[in-house]
Amino acid sequence: MKKRVAKIGGLLAEKGIDAMLVMQPENRYYLSGFTGDTGALLITADDSFICTDFRYIEQAREQSPHLQVARVTDTLVEKLAAMREDIGLRTLAFEGDFINYTMYNTLGDKLPGVELVPLDGAVEKLRRVKDRSELAAIAKSMAMLDRGFEYICGFIKPGITEIAVSLELEIFMRHQGASGTSFPFIVASGPRASLPHGEASDRVIGEGDILTLDFGVIMEHYCSDMTRTVTVGAAPPEMEKIYYIVLEAQHAGLKAVKAGVSASSVDKAARDVIEAHGYGEYFGHGTGHGVGLAVHEAPRLSARDDTVLEAGMVVTVEPGIYLPGRGGVRIEDSVVVEQNGCRLLTNSPKDALLVIS
Ligand code: ZN
Ligand code: ZN
């Protein structure tokens, strides 16, 4: 973490900025290891601080030995004002996409004469490539999904609700050691499967329903993400047809992932397959996204993201086809980008449409 802080310090020096205030929770954790609810980092090229109040002083010292602990007695901004002289603060970078309007105004009021500079994506950019310890945590989190999927396939049957499936799956994985879910699970059955983000509802799953399960957990602070589409009883022929198109698209996407290619080229590889089959207009989201401390992070595998993939990035590949009112299919795996390809982190079966009977 010391190295990560030094990288941000170096970036600030390069840009001629005196300090950066880091408050976004995942960014803060990435640079500090601090897990308390209240705290902000003040990074400079030389010294870096974690500013927190009485309740978290001991915790901050323990979790962030590479940072100086600055005790906040009044408000964070008052503390920054008090530190201003010592650190020679004339320009202060902040996370423009995180700090709200009120906080921005308060910074302006309490730090008169200090130039406020939005610096978006600086920490997020570092977070894109995972180090070995991060990859180990992510692999653990992802492996839990394979266990969860195997378990839940034995639980699903006609007559139970989507919510029952979602809860059962969550409780199973929590018992197995997941510390939480990385997002509210998507359990979308029958016609609801056409909702790309159909959170579990009280709909009762019936015979012949297609069922999309998109779920993820958090382990050691790292998220995981996987989707499988199954059917309960025999699938409607149209759903079976689009399942194999999505599968072909997903294989094409996975095959395209390797260091040195652009994120958008992976999106294109998957999208081309779906378009060639005439379903292009029914695939309205990007092909994937980075996964790490946040379940959705940079890079995005979309037509608009030209990030060049690097070894050590973790991304999802998740094409889908959604037919309004009829149903839909999505298949999602998470992978580590490698020099000449990628390595799957989620390994649940997908090569045939799984029929649960
Ligand atoms: Zn997902
Ligand atoms: Zn995803």
Side-chain angles (χ1 to χ4, degrees), residues 26 124 127-128 130 138-150 152-153 162 165-166 169-170 173 178 180-189 192-201 210-219 222-230 243 246-247 249-254 256-257 263-264 266-267 269-271 274 283-305 307 309 313-322 328-337 342-350 354:
E26 284 91 26
E124 286 84 349
R127 279 171 43 198
R128 294 183 314 191
K130 276 70 182 174
I138 293 172
K140 241 187 219 181
S141 188
M142 297 285 183
M144 179 62 77
L145 305 185
D146 288 330
R147 285 150 73 186
F149 181 69
E150 190 184 355
I152 205 65
C153 285
E162 294 170 354
V165 172
S166 175
L169 180 56
E170 177 177 347
M173 293 189 292
T181 64
S182 44
F183 54 91
F185 295 168
I186 291 164
V187 180
S189 64
R192 288 192 80 246
S194 71
L195 304 171
H197 272 202
E199 265 183 47
S201 76
I210 195 98
L211 178 64
T212 297
L213 298 161
D214 187 350
F215 57 107
V217 291
I218 301 170
M219 290 183 79
Y222 283 83
C223 294
S224 53
D225 191 8
M226 180 176 87
T227 306
R228 286 293 181 267
T229 301
V230 300
Y243 183 89
V246 171
L247 184 65
Q250 207 235 4
H251 278 303
L254 289 171
V257 176
S264 57
V266 178
D267 179 76
R271 197 167 300 281
I274 291 178
F283 175 28
H285 58 75
T287 293
H289 54 85
V291 184
L293 288 170
V295 70
H296 295 122
E297 57 180 47
R300 304 280 166 169
L301 304 187
S302 80
R304 292 183 301 278
D305 192 334
T307 301
L309 298 186
M313 287 180 172
V314 174
V315 296
T316 70
V317 176
E318 51 176 307
I321 296 176
Y322 311 93
V329 170
R330 177 167 65 256
I331 302 170
E332 171 181 34
D333 284 304
S334 296
V335 300
V336 188
V337 179
C342 66
R343 177 165 49 91
L344 280 171
L345 292 169
T346 44
N347 289 285
S348 292
K350 66 182 176 189
L354 192 64

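Numbering of ligands and ligand atoms starts at 1, following listing order. None of the values given here were measured: they were computed from a predicted structure.
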Using 30° and 60° as the class limits, which term best fits the ring planes of H289 and H296: parallel, tilted or perpendicular? perpendicular
Between F215 and F185, how do the two ring planes meet: parallel, tilted or perpendicular, split at 30° and 60°? perpendicular
Heavy-atom side-chain proximity of F183 to D214 below 4.5 angstrom: yes
Below 2.8 Å of the Zn ion (ligand 2), tally up the protein N/O/S atoms for me. 4
Are S302 and D267 close enough that a side-chain donor and a side-chain acceptor fall under 3.5 Å? no
Intermediate values then yes/no, salt bridge (charged side-chain N to carboxylate O under 4.0 Å, His left out), K350 and E318: CA-CA 12 Å; K350 66 182 176 189; E318 51 176 307; over 6 Å; no
Taking S264's backbone N and O only, do any of them form a donor-acceptor pair with R304's side chain (distance below 3.5 Å, no angle check)? no
